[in-house]
Amino acid sequence: MPTGVAIRDPRQQLFDAAERILLRDGPNALTSRAVTTEAGFAKGVLHRHFADFDAFLAELVEDRIARIEHQAAALRDSAGTGTVAGNLTAALTDLFGSVAVAIVALIISRDKLRARLRQATPATPATPATPATPATPATPARLRQATRSGVPLLAEATVMIASYLTIERDLGRITADAEVDALAPMLIGTAHLLFAGRDGTPPEPGAVAKVVTAAIASVVPEPSP
């Protein structure tokens, strides 16, 4: 191989291959043979890097969850800028306009995978506020532990939205009595329904903005005259 050419991580190549299969053929087509064939590897390569196929699938989902954690940080950083509806619309479009919908379908279709993911990460409590240090938002692991009957990945997405709304409430951009713990799952559930079952064709941007605006209308203060 020529010098200076980076060798891609085989694990990441296997994840990428699995995501392509999910987007193209759905969760039922996802097998170890299909993944290695899609990646251009010999069939034994997957088992050299993962204990078994279930372990591979769990790490695939955790890899996607890690991306959500990066998206959550970006969304929190947007608090106080733009509009609340605009920030939420962009975040939900970014979240579900990718392979996330297919990953959710995979999790729902495999009971053992769902159970494994719920037990994979221990709860991590939020850091309490002190006079010198503001409270940090609850982590995705904490939310998943608290909602053990929920769907992994959607739980992390929900805490992403809830953490953002909490900051906006503290900034006074949504009402002080806003029930962020109720708003967040409603927004995630509605957005997921908008994006799911569309054969890879996302909804119009205006459709996402419309449902977001309607969902938060009661908690966004009226602009001053």
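Bear in mind that the values here come from a model prediction, so they are computed numbers and not experimental data.
- In plain terms, the two heavy atoms of Ala18 and Leu60 that are nearest each other are CB-CD2, 3.9 Å.
- Note that the NE2 atom of His192 and the CG atom of Leu153 stand 9.0 Å from one another [nearest 0.5 Å].
- In this structure, Arg116 and Asp52 approach most closely via the heavy-atom pair NH1-OD1, 3.9 Å.
- Here the side chains of Ile188 and Leu95 are in contact, with some heavy-atom distance below 4.5 Å.
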Please lay out, stage by stage, how Lys210 and Thr213 fare under the test side chain to side chain contact (heavy atoms under 4.5 Å, CB included). CA-CA 5 Å; Lys210 183 177 180 179; Thr213 301; 6.0 Å; no
For the pair Arg24 and Glu38, evaluate salt bridge (charged side-chain N to carboxylate O under 4.0 Å, His left out) and give the outcome as yes or no after the intermediate values. CA-CA 11 Å; Arg24 185 180 64 235; Glu38 180 74 21; 2.9 Å; yes
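- At distances below 3.5 Å, at least one donor-acceptor pair connects side-chain atoms of Arg11 with backbone N or O atoms of His49.
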Step-by-step side chain to side chain contact (heavy atoms under 4.5 Å, CB included) determination, Glu62 to Leu117: CA-CA 8 Å; Glu62 292 289 357; Leu117 289 165; 3.8 Å; yes
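- Note that CD of Glu168 and CD1 of Ile216 are 9.0 Å apart. Values are rounded to the nearest 0.5 Å.
- Contact of the Val211 side chain with the Thr89 side chain is not registered, since no non-hydrogen atoms from C-beta on lie closer than 4.5 Å.
- One distance of note links CG of Leu75 with NE2 of His70; it measures 15.0 Å at 0.5 Å rounding.
- Within the model, atoms CG of Asp111 and CZ of Arg114 stand 4.5 Å from one another, a figure rounded to the nearest 0.5 Å.
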Please evaluate residues Val61 and Leu57 with respect to the criterion side chain to side chain contact (heavy atoms under 4.5 Å, CB included), reporting the C-alpha separation (whole Å), side-chain torsions for both, the decisive distance (0.1 Å), and the verdict. CA-CA 6 Å; Val61 176; Leu57 292 178; 5.7 Å; no
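- Under 3.5 Å, the side chains of Asp16 and Gln12 contain a donor-acceptor pair of N or O atoms.
- Taking every heavy atom of both residues into account, Ser109 and Pro27 meet most closely at OG-CB, 3.8 Å.
- Val208 and Pro203 make their closest contact through CG2-CG, 4.0 Å (heavy atoms, listed as atom of the first residue, atom of the second, distance).
- A distance-only check finds no donor-acceptor pair linking the side chain of Thr93 to the backbone of Ala90 [under 3.5 Å].
- Nearest approach of Pro10 to Phe41, heavy atoms of both residues: O-CE1, 3.9 Å.
- Side-chain atoms of Thr36 come within 3.5 Å of backbone atoms of Arg33 as a donor-acceptor pair (strictly under, hydrogens ignored).
- Arg169 places no side-chain N or O within donor-acceptor distance of the main-chain N or O of Ile174, the cut-off being under 3.5 Å.
- Here the NZ-OG1 distance, from Lys43 to Thr31, works out to 11.5 Å after rounding to the nearest 0.5 Å.
- A heavy-atom distance below 4.5 Å is not found between the side chains of Leu88 and Thr83.
- The shortest side-chain heavy-atom distance between Phe56 and Ser32 does not fall under the 4.5 Å cut-off.
- Contact of the Asp54 side chain with the Leu113 side chain is not registered, since no non-hydrogen atoms from C-beta on lie closer than 4.5 Å.
- Of the possible donor and acceptor atoms, none in the side chain of Arg76 sits under 3.5 Å from a partner among the backbone N and O of Tyr164.
- Residues Phe53 and Leu30 form a side-chain contact, since some pair of their non-hydrogen atoms from C-beta on lies under 4.5 Å apart.
- For Asn87 (side chain) and Thr81 (main-chain N/O), a donor-acceptor pair under 3.5 Å exists by modelled atom type.
- The minimum heavy-atom distance linking Ala102 with Leu22 is given by the pair CB-CB, 3.9 Å.
- Put simply, CZ on Phe195 and OG1 on Thr190 are 12.0 Å apart, with the number rounded to the nearest 0.5 Å.
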Let me see the working for Ile161 and Leu92 under side chain to side chain contact (heavy atoms under 4.5 Å, CB included), right down to the final yes or no. CA-CA 9 Å; Ile161 299 300; Leu92 292 170; 4.1 Å; yes
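- Between Arg64 and Glu59, none of the side-chain N atoms (NZ, or NE/NH1/NH2) sits under 4.0 Å from a carboxylate O, so this pair counts as no salt bridge.
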